[in-house]
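Step one of this worksheet: look at the structure below.
Note that the structure is a prediction, hence the values are computed from the model and not measured. Reckoned from all heavy atoms, side chains included, excluding hydrogens, waters and symmetry mates. All residue numbers refer to positions in the sequence shown, counting from 1. Read the numbers this way: they start at 1 and go in the same order the structure lists the ligands and their atoms.
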Amino acid sequence: MKSFRNLFLLLFLLAGTVTLAQVKPSPAPTELRMNQFVQGLMQKMTLDEKIGQLNLVTPGGGVATGAVVSQGVEEKIRKGQVGGLFGITGPDKVRSVQEIAVKESRLHIPLLFGLDVIHGHKTVFPIPLGLSCSWDMPLIEKSARIAATEATADGLCWAFSPMVDIARDPRWGRIAEGSGEDAYLGSQIAKAMVKGYQGEGLAKNNTLMACVKHFALYGAAEAGRDYNTVDMSRIGMYQNYLPPYKAAVDAAVGSVMSSFNEIDGIPATGNKWLLTDLLRKQWGFKGLVVSDYTSVNEMSAHGMGDLQTVSALALNAGLNMDMVGEGFLTTLKKSLKEHKVTQQQIDEACKRVLEAKYKLGLFDDPYRYCNVQRANEILSSENRKAAREIAAHSFVLLKNAKQVLPLKKSGTIALVGPLADSKRNMLGTWSVAGDWQQSIPVIEGMKNVAGNNVNIIFAKGANISDDSLLVKRTNVFGPEIEVDKRSPEEMIQEAVEAATKADLVVAVVGEAADMTGEASSRSDISLPKSQENLLKALAKTGKPLVIVLFNGRPLTLNWENKYADAILDVWFGGIETGNAVADVLFGDYNPSGKITASFPVNTGQIPIYYNHKNTGRPYNGEEFAKFKSNYLDVSNDPLYPFGYGLSYTSFQYGELSLSKTKIRPNEKLRVKLKISNEGNFDGEETVQLYIRDMVATVTRPVKELKGFQKVFLKKGESRELEFSIGVEDLKFWNSNLKWVYEPGAFQVFVGTNSRDVKEASFELLP
Ligand code: NOJ
């Protein structure tokens, strides 16, 4: 390491431009030393070199994450026209590109190397929506920690994660990438992820810079259509959408990515209120702000002007780095001459990029993350073990009639369905470094776990979809939907025969991995027809029917909920999916996941979320009533509410006991209850606490999550739990956008999900 620092100093000195004192980064990266170093370096930089630092490129060749790729990358690096690069992996490859910057560019400034490390790196964990269903912060943090260790051993220092966009619309394909519909839970997860990636700071070479995205409100795209318009009140943003980004900022996230959508009529990437007033001034963010993929250029299509205009708009707004589009690279110099941007703005942006590099230790050692010796840290058996455990924690048991699950480790099982033997679909969307060939499909996991007394008869039964257009559009990264040569009838027939010979049927059905993710919105979120037909035929056999469901979003599951005996939602569980599914099906792990996005009855109910307002004519949960806020043709209730998820055991909740019925603002209210495991299995339960502010100067939701505890109880065990509520938990954004509490009546609810709760009332005194 030391030797490189000396080389760096030498190269600098040879360039005859700086003195030793100016360039020597301190081993203790205090802000002062960093400032001195960065200032010193910037004094030597030309305007072009400063603008070059603002350019983030992707050379292509890996998994495409956008519609265009950068051209002439090597030459640009040599000329000092690149600040960072994403989309390549491997210590050797990264080193060779870094060498171009360090050895061949005038000032030898190292590059940032980023990637979409979203739910694991090579050891792929469940998709983030699945991960969030674990409600298990230590496990979530651990997944990010492992991802950071692997990614840094693979040459990278920057992860474009966590994605914390709140989504209330399951049509939106990117709901798969976030933590669901709730801002409180989303904030806890944002914090855990940042901590996992960045550790206690960026001092170690196995931590990387996180990037919270997509700032902001990207998950509120109208009609769930990706990149669509967002139109939201300020109070709605502050209350429901901004908290997770803020939580990441408070957790010292190193970078922020602006979103594609507009906010209050101005695209986020050029929105000064968002990127400067809110992010920098109100929240005190000191890190790097990067655009999304060509989102600077896309402001032209939004109708904000030509490339020069939108690039100036973005810089003025507070954007520091331009991803792929090169609007900064090609127009900022001209804009400076024409006084459309200032030198100070360019300097400020350049400073942020250099500071990120400094914090990552790249000036100390640009090859810090290029250690081939660390290959054994990637995809280790220990990491795979963690992936298996974490996946099992993410699964949600949606139904289990007559305790059909767990399965016995004896007898004959008909394992059917297009996802039962589909390695390619296990990893889920946004697993760019993952190798699907390394994944464990369900059939393999079942065989691993079942033992010798189980006979498994496999039949594919159906294609994921028979709709050729959907197949084509889904298969952009490869044949995730493999269309069988046989007719649908033949396939169903084979599955029915298998079912007839078996004691029960496990049907592994759902979406293909890329039926969710970026640009994968769906207007119909039911199971594709081909699979529905298969399930109906299987149900007719009269054999117990267990559905193992793959999905990147809540689906409409009315038929399935009515006719299947059990439904286990496994999202896309990552590289160890098959083993984890088998662990849960056979009862080696008792499922404990709880959904973090409501499952609608039908798409007409969307947007659907538990923390809705009461309205002036509330639906009262009973029959349709004229002149009430309800539908003629469906109830307002979701099929499965937020926080819902079953266990093989059964937990009983006692009544709530409050330490007081009135509290003063400086006091805490203690809420106690007894929870007992009255079933036949040991198990974990996520106990959820919600509050409702009964009267306020602005309308308040009918329930808001304010706490949860995950407890493990042995069968027959009871435990008293205690939650504490303070005035901070009772605050909200008022119409002046002040974070306030207002004295008055509150309700508190504790339960197994957002619907089934015990409740009590208390008063907050002035
Ligand atoms: C576009 C996506 O919106 C963003 O999440 C991702 O990080 C970038 N592409 C880079 O791949």
- Message: Under 3.5 Å between any N/O of Glu177 and any N/O of ligand 1: does that happen in this structure?
- Response: no
- Query: Purely on distance, is any nitrogen or oxygen of Tyr293 under 3.5 Å from one on ligand 1?
  - Reply: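 No; the residue has no nitrogen or oxygen that sits under 3.5 Å from a nitrogen or oxygen of the ligand.
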- Message: I want to confirm something. Looking only at heavy atoms, which of Leu56, Asp116, Val117 is nearest to atom 7 (O) of ligand 1?
- Response: Asp116
- Message: If the test is side-chain contact (heavy atoms from CB on, under 4.5 Å), which one of Leu313, Ile346, Thr331 qualifies with Val341?
- Response: Ile346
- Within a reach of under 6.0 Å around CZ of Arg225, are more than 12 heavy atoms found that belong to other residues, nucleotides or ligands?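 Open.
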Considering the heavy atoms of [X], write down every atom of ligand 1 situated less than 4.0 Å from one of them.
| X | answer |
| --- | --- |
| Lys213 | 4 (C), 5 (O), 6 (C), 7 (O) |
| Phe86 | 10 (C), 11 (O) |
| Phe160 | 7 (O) |
| Phe260 | 3 (O) |

- Under 30°, 30 to 60°, or over 60°: which ring-plane class applies to Tyr218 and Phe260, parallel, tilted or perpendicular? perpendicular
- Please tell me if the side chains of Val324 and Val69 come closer than 4.5 Å, counting only heavy atoms from C-beta onward. no
Considering only distance and modelled atom types, tabulate donor-acceptor pairs under 3.5 Å from the side chains of residues 76-88, sequence neighbours left out.
{"from": "Lys76", "atom 1": "NZ", "to": "Gln71", "atom 2": "O", "distance (Å)": "2.9"}
{"from": "Lys76", "atom 1": "NZ", "to": "Glu326", "atom 2": "OE1", "distance (Å)": "3.0"}
{"from": "Lys76", "atom 1": "NZ", "to": "Glu326", "atom 2": "OE2", "distance (Å)": "3.3"}
{"from": "Arg78", "atom 1": "NE", "to": "Glu104", "atom 2": "OE1", "distance (Å)": "2.5"}
{"from": "Arg78", "atom 1": "NH1", "to": "Glu75", "atom 2": "OE1", "distance (Å)": "3.1"}
{"from": "Arg78", "atom 1": "NH2", "to": "Glu74", "atom 2": "OE1", "distance (Å)": "3.4"}

- Task: Among all protein heavy atoms, pick out the one at the shortest distance from atom 8 (C) of ligand 1; state its residue, atom name and that distance to 0.1 Å.
- Result: Asp292 OD1, 3.3 Å
- Query: Is the closest heavy atom of His214 to ligand 1 under 4.0 Å?
  - Reply: yes
- Message: Using heavy atoms and a 4.0 Å limit, tell me yes or no: is Tyr218 in contact with ligand 1?
- Response: no
- Any side-chain donor-acceptor pair under 3.5 Å between Asn551 and Asp569?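 Side-chain D/A pair, Asn551 to Asp569: present.
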- Message: What verdict does the ring-ring contact (aromatic ring centres under 6.0 Å, His included) test give for Trp430 and Phe125, after you've listed the backbone C-alpha separation in whole Å, the side-chain angles of each residue and the deciding distance to 0.1 Å?
- Response: CA-CA 11 Å; Trp430 282 113; Phe125 297 105; over 10 Å; no
